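Working notes, beginning with the structure itself.
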Amino acid sequence: MKYDAKVLANYDVSIAPIDDTMLMSYALFSGLHNHGMDGLSERYLGHTPIPIKDLLGSGKSMITFDRVPIDEAVKYAAEDADITLRLWMTLKPKMPSARVTTVYETLERPLVPVLSQMERHGIRVDRETLSRMSNSFAQKMAGLEAEIYELAGESFNVGSPKQLGEILFEKMGIEGGKKGKTGAYATGADVLEDLATEHELPARVLDWRQLSKLKSTYTDALQEHIDPDTGRVHTSYVQTGASTGRFASTDPNLQNIPIRTEEGSKIREALVEDPGKTLIALDYSQIELRILAHMADIPALKQAFSDGLDIHAMTASEMFDVPLDEMTPEIRRRAKAINFGVIYGISGFGLARNLRIPRGEAQAFIDRYFERFPGIRTYMDDTIAFAKKHGHVATLFGRKIHTPEIAAKGPRAGFARRAAINAPIQGTAADIIRRAMIRMPAAIAGMPCKMLLQVHDELLFEVEDKAVDDVITVARDIMESAAKPTLALDVPLVVDAGKGANWAKAH
DNA sequence: CATCTCACG
DNA sequence: ACGTACGTGAGATGC
C-alpha cells in the first residue's frame, strides 16, 4: 500500500481507510516467512503471479512500466488487484487474536502514510561534497595500491579476497592462514588486524578496504541516488524488512551511513539541510538496555537508569567490585561489551571474540554477571521456554516473532535461542519508536518541520530555523512518552537531541 | 547468483 | 564435540 500511496500522491490522491495484506501477513507470521505478494499468492492461492521481469526485463535493458505494451500491462495490473483482494479474503479471517489485530491496527497500518511522507520528502544530498571526497579517496587508494604492490612484489586486485589470500598465505608464506568452508583463505578485518601487528601489507590493505568501502558504497553510490527532480535522496523503508519489527532501508540504505570512524563520519557532512532550515537528530539513549532492565526486572539496572547513572560504569562497578570513582576506561569497556552481549543472547565464545580475551575468562565474566544480576538468567531461560512452548516470542506490545528453529538440533538451535532472547528486546524498542512516529505528524502539525529519516533508535527532522527549539521540545516529548499509556515502564526513556547544518553536526 | 566483506543500530 | 554473539543492505569478485 505504501508504494501505491506514493504513486497516487503524485496526483494529489490520498486513500483512507486502508488494509494491507503484506502487513497483515507480517503481524501474523513474522519470522515464519516473507510477506511479498508473489510468495503469499503461491502459499495461499496456489497461483504464481506473472513475474514483473517478464514485462520489464532486467539489468541494463530493463524498461519502465510506462513503456510496457498496454495489453501486457493490463493483464499484470488486473492480476495484481485480483490477487490482493483474494489474499485479503484469505488473511482477514486468520486474524482472530486481539493482540495480533491490535499490533496490525496500531503499529503497522498507521505507519503507511507516515513512511510514505518521509520517503517523498527525502533528504538533500550535497553532490559536490561527495564528489570531492570521492576524488580524495581515489588518490589515497592509488597511493596505498602502489605500496601494497611493492610489498607483495607484484600487482594484483586488492579488492579480491581470493587473490589477497594467495598473496598473504602462499606467496609471502605468512603463517596462520585458515580456509573457510569454500576452501578460500579468510581475509576479514579480524584476520588482517592480527596479521597487521607483524606485517605491513595487511595493515595497508585494511586502510585500502576502508577507503574502498566509503567510495563505492557511499560517496559514489549516493550520488547516483540523487533524484534529478528533487535534488534529494529518497530511501525506501521496508516495513516488513526485519522479523523483530525494525524496518529495513533500501535504494539506498540510509540506515548504515558511516559514523564510527572519523573518515567515515565525514560522509554525513554531505547529508544537509535545505537553505533556511536545520537538521535535528533525536535518538533514544540506551533504549534496549532500559527495556532489558524492565523486562528482566533487574533492580540495580532500573535504579541506575532512574538515577541517570552511567550504566556501563555501574555494571562494571557491580561486577568487578570497583568503586565508581575509581572506574577505568578498560574496565568500563569490558562491562559495556557484556551489556551488549546480554542483549544479543550472550555466549562465552562471542564475548571472548569481541573482547579478544580467552574463552574461559569471558565465561567467568558471564558467570559473574549472572551471579550479580540473577534476573537476567531467569529472563533468558523463561524466554527460551516460552519460545519452545509457543513457537514464538513477543514484544511488550504483543508483536509476535515466530521462532520455528527453536526446536532444532545442532548449531541452528544456538542461533534460534539467541535470536529468541534478542527479539523481544529489539522488537519492543522498534515498537516504541514506531509509536512515536505514528504520533509525530499530529504533534508537529502546524510547525514548519518535516520528519525525514528513521535509524532504529533515531529520528531525523528538517526544521525552519526559527522553530528548531520548539520542535526539539515537542518531538522529544513524543518520543520519551511513546510507550505510554500502553506500557508503564519501570525505567525512564531518555532522548538526546542535536542540531546542525548537516547530519554530522546534528549528532 | 553465491560468497566475502563491511557499513549501521 | 561443534560452532556461536542480535538485526539488517550493498558492492565487488568470480563462477
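The structure displayed is predicted, hence computed values, not measured ones. Hydrogens, waters and symmetry mates are skipped; everything else that's a heavy atom, side chains included, is used. In the text below, chain A, chain B and the rest are named by the order of the sequence lines, each starting its count at 1.
Look at dT3(B): its Watson-Crick or wobble partner, with both distances under 3.5 angstrom, is dA12(C). Nucleotide dA1(C) is matched to nothing when pairs are restricted to Watson-Crick or G-U wobble geometry with both distances under 3.5 angstrom.
Contact check on E119(A) versus K2(A) returns a salt bridge, with a Lys/Arg side-chain nitrogen under 4.0 Å from an Asp/Glu carboxylate oxygen. Using a 4.0 Å cut-off between a side-chain N of Lys or Arg and a carboxylate O of Asp or Glu, R439(A) and D477(A) do not qualify as a salt bridge.
Taken from CG in L292(A) to CD1 in I298(A), the straight-line distance is 6.5 Å, to the nearest 0.5 Å.
As rounded to whole Å, 12 Å separates atom P of dT8(C) from atom CG of N253(A). To the nearest angstrom, C1' of dA12(C) lies 14 Å from CD of E145(A). Across the protein-nucleic acid pair, F247(A) atom CZ and dG9(B) atom P stand 17 Å apart, rounded to whole Å. If you measure from atom CG of N157(A) to atom P of dC4(B), you get 17 Å, rounded to the nearest angstrom. Note: CG (L289(A)) to P (dC6(C)) measures 17 Å, nearest angstrom. To the nearest angstrom, P of dC6(C) lies 13 Å from CD1 of I343(A). The nearest whole Å value for the distance from the CD atom in E224(A) to the C1' atom in dG11(C) is 11 Å. Rounding to whole angstrom units, CG of residue L206(A) and P of dT5(B) are separated by 12 Å.
As judged by a 4.0 angstrom heavy-atom cut-off over every strand, F415(A) is placed among residues touching the sugar-phosphate backbone only. Note on A189(A): only backbone sugar-phosphate atoms sit closer than 4.0 angstrom, heavy atoms only; bases stay farther off. Among the protein residues, A221(A) comes within range of the sugar-phosphate backbone only, with heavy atoms under 4.0 Å from sugar or phosphate atoms but none that close to a base. Among the heavy atoms of the strands, none lies under 4.0 Å from L214(A). S249(A) comes within 4.0 angstrom of sugar-phosphate atoms only, judged by non-hydrogen atoms across all strands, and of no base.
Between K162(A) and dT3(B) there is no side-chain N or O to OP1 or OP2 distance below 4.0 Å. For the OP1/OP2 pair of dC4(B) and a distance below 4.0 Å, the side-chain nitrogens and oxygens of T182(A) include at least one atom meeting the criterion. Residue Q454(A) places none of its side-chain N or O atoms closer than 4.0 Å to OP1 or OP2 of dG9(B). For the OP1/OP2 pair of dT5(B) and a distance below 4.0 Å, the side-chain nitrogens and oxygens of T187(A) include at least one atom meeting the criterion. OP1 or OP2 of dA5(C) lies within a sub-4.0 Å distance of a side-chain N or O belonging to R353(A).
Below the 3.5 angstrom threshold, one finds a donor paired with an acceptor across the side chain of R260(A) and the base of dG9(B). On a pure distance criterion of 3.5 Å, a polar donor-acceptor pair joins the side chain of R359(A) and the base of dT4(C).
Under the side chain to side chain donor-acceptor pair (under 3.5 Å) rule, Y185(A) has a single partner from K162(A), E166(A), E170(A), which is E170(A).
For the P atoms, the distance linking dA7(B) with dC2(C) amounts to 32 Å, nearest Å.
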